[in-house]
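Handing you this structure, nothing more for now.
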Amino acid sequence: MPDRYDLPTGFRWGAATAAYQIEGAVTEDGRGPSVWDVFAARPGAVRDGHTGAVACDHYHRYPEDIALMKNLGLDGYRFSIAWPRVLPTGSGPVNPAGLAFYDRLVDALLDAGITPLPTLFHWDLPQALEDGGGWLNRDTAHHFADYAAIVTDRLGDRVPAWITLNEPFVHTVFGYALGTHAPGRTLMLEALPAAHHQLLAHGLAASILHDRGLEVMLSNNLTPVEPATPSDADLAAAQAYDALHNRLFTDPVLLGRYPDLSALGVPDDLYGAIHPGDTDLIAAPGLDGLGLNFYNPTRIAAPTEPGLPFDFVDIPDVPHTAFGWPVVPDALRQLLLNLRDTYGKSLPPITITENGCSVTESTTPDQPRIDFMSAHLDALAAAIAEGVDIRGYYTWSLLDNYEWAEGYHQRFGLIHVDFATQQRTPKASYTWYRDLIAAHRTHRSRS
Ligand code: IFM
């Protein structure tokens with residue numbers, strides 16, 4: 001197994017968060033409502049009725065959080081910008097106080113020697129845009145491009161690299177197909193125009209950012225898909241799922257074309273959403289880096305009942321996280337090699353923009369998270385040794401935070417947050433990560 005300290009020069013160590021999951025202050029300083037404010041208020045939508053109204057109160061406590069990041073030794077911090085803080089109704093007038101918050105945050109990060117890596121959209125669509133159809137409405141893509149221009153006009157002088165979207169697969173499927181996330185629509189496959197409009201938004205924004213000399217990434221949550229058995233039926237089901245989860249969100253950006261979704265019964269024009277020239281708008285700007293969010297592989301079998309052409313099957317005999325997700329670190333190495341083999345020269349450098357696990361609060365001293373990160377970093381180092389260009393690792397997450405439909409029940413943080421007092425307490429994984437980053441730096445400076 002390659003030595004995990006033997007990583008390329010300039011390899012970035014980071015941690016990641018997202019606005020609605022940590023900021024709180026949802027009605028302060030002119031922020032407009034987002035789909036998550038509205039969805040979380042719906043009885044039964046989120047476990048125990050939890051909302052992000054206060055979350056980690058990062059809006060007020062960001063100096064304390066940045067001090068913790070500095071002590072950790074981070075090179076970079078990935079956060080998201082809340083669109084409804086900047087544009088309370090999604091388009092129309094800018095909220096100066098909202099932009100000023102991100103201005104302060106960026107300056108404080110730079111003062112601490114940490115490079116900001118903002119994501120422009122991490123699921124908190126302004127509710128006013130949702131009222132007009134949300135991502136099912138093509139206009140939302142154009143509103144996103146305008147928003148990207150406004151934000152980068154203000155911050156682009158200090159922030160060199162940007163992520164347009166976080167996990168359009170999860171937002172489309174949970175938010176528009178199944179309704180377990182905001183905005184809570186249950187359109188099944190007819191949700192797919194929302195996928196196309198997000199990718200179009202990415203392409204339009206990427207070209208604006210490139211005109212300003214900024215680097216652009218897209219963060220996809222990808223999963224290696226394995227058939228439950230070698231049977232033809234399971235193999236076909238696994239291929240159909242792979243096209244939906246992975247290729248649908250990566251092929252248009254890297255190859256300029258959509259994958260074949262006919263096994264799912266989806267029309268080539270994604271229910272009329274794809275207009276002539278769209279695939280060029282998505283691919284032409286190019287990507288400076290692919291953001292990869294990795295949590296687990298997926299095992300698929302042929303369906304046992306009518307409906308979708310695949311069934312999910314658990315992966316037994318491996319550890320599972322507190323969320324119940326299987327822990328298979330070598331699947332990360334496999335995924336990275338698959339990406340290299342599938343996309344070849346079209347694959348830009350990869351940054352791991354999320355990787356981590358939820359651990360039950362009472363588990364001390366947080367050993368499952370240390371084991372998880374350590375094993376995934378070994379897998380990453382193995383992929384680098386096999387020739388994959390990987391530039392950084394951002395763990396999910398810096399802080400325990402609002403885990404969407406699970407409310408505050410899943411704890412992904414290196415830092416424990418007591419949500420009643422807002423007391424932050426670094427966990428054993430924080431100390432482990434700090435020591436690992438420091439050891440890597442020492443090794444780097446000696447070689
Ligand atoms: O908390 C989420 C994050 O918002 C997106 N990626 C997966 C994480 C864990 O579920």
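Just so we're clear, the structure is a prediction, and the values are computed from it rather than from any experiment. Remember, it's 1-based here, ligands and their atoms both numbered in the order they're listed. Position 1 is the first residue of the sequence; numbering continues from there.
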Nearest 0.5 Å, please: how far is CG in Asp75 from CZ in Phe11?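 These two atoms lie 9.5 Å from each other.
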For His122, take its heavy atoms, then give the atoms of ligand 1 lying under 4.0 Å from any of them.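 Close to His122: 3 (C), 4 (O), 5 (C).
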Does a donor on one side chain sit under 3.5 Å from an acceptor on the other, for Tyr258 and His196?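 Yes, a side-chain donor-acceptor pair sits under 3.5 Å.
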Residue part near ligand 1, for Asn166, under 4.0 Å between non-hydrogen atoms: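 Within the 4.0 Å criterion, Asn166 contacts ligand 1 through side-chain atoms alone.
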Kindly confirm or rule out an N or O of Asn401 lying under 3.5 angstrom from an N or O of ligand 1.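 Checking ligand 1 against Asn401, no N or O pair falls under 3.5 Å apart.
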Atom indices of ligand 1, in the order listed, that fall short of 4.0 Å to a heavy atom of Phe412: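 Counting atoms of ligand 1 from 1, those under 4.0 Å from Phe412 are 9 (C), 10 (O).
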Ligand 1-proximal atoms of Gln410, by part, heavy-atom distance under 4.0 Å: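 For Gln410, no heavy atom sits under 4.0 Å from ligand 1.
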When you look for heavy atoms under 4.0 Å from ligand 1, do you find them on the side chain of Trp325, its backbone, both, or neither?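 For Trp325, the contact with ligand 1 is made by the side chain alone.
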Check the side chains of Arg369 and Gln367 for a donor-acceptor pair under 3.5 angstrom, ignoring hydrogens and angles.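 Checked: Gln367/Arg369 side chains show no N/O donor-acceptor pair below 3.5 Å.
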So how far is it from Glu23 CD to Arg31 CZ, rounded to the nearest 0.5 Å?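 Going from the CD atom of Glu23 to the CZ atom of Arg31 covers 7.5 Å.
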Going by the atom numbers of ligand 1, which of them fall below 4.0 Å from some non-hydrogen atom of Glu167?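 Numbered from 1, ligand 1 contributes 5 (C), 6 (N), 7 (C).
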Do Tyr77 and Thr17 meet the criterion of a side-chain donor-acceptor pair at a distance under 3.5 Å?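 Checked: Tyr77/Thr17 side chains pair up, N/O donor to acceptor below 3.5 Å.
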Atom 7 (C) of ligand 1: which protein heavy atom is closest, and how many Å away?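 Nearest neighbour among protein heavy atoms for atom 7 (C) of ligand 1, to 0.1 Å: Glu354 OE1, 3.2 Å.
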Aromatic ring proximity Phe174/Trp123, centre distance under 6.0 Å: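 No, ring centres 6.0 Å or more apart.
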Glu361 side chain to His416 side chain, donor-acceptor N/O pair below 3.5 angstrom: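 A pair is found: one side chain offers a donor N or O, the other an acceptor, under 3.5 Å apart.
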What residue and atom, counting heavy atoms only, is the protein's closest point to atom 1 (O) of ligand 1, and at what distance?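 In this structure, atom 1 (O) of ligand 1 has Glu403 OE1, 2.6 Å as its nearest protein heavy atom.
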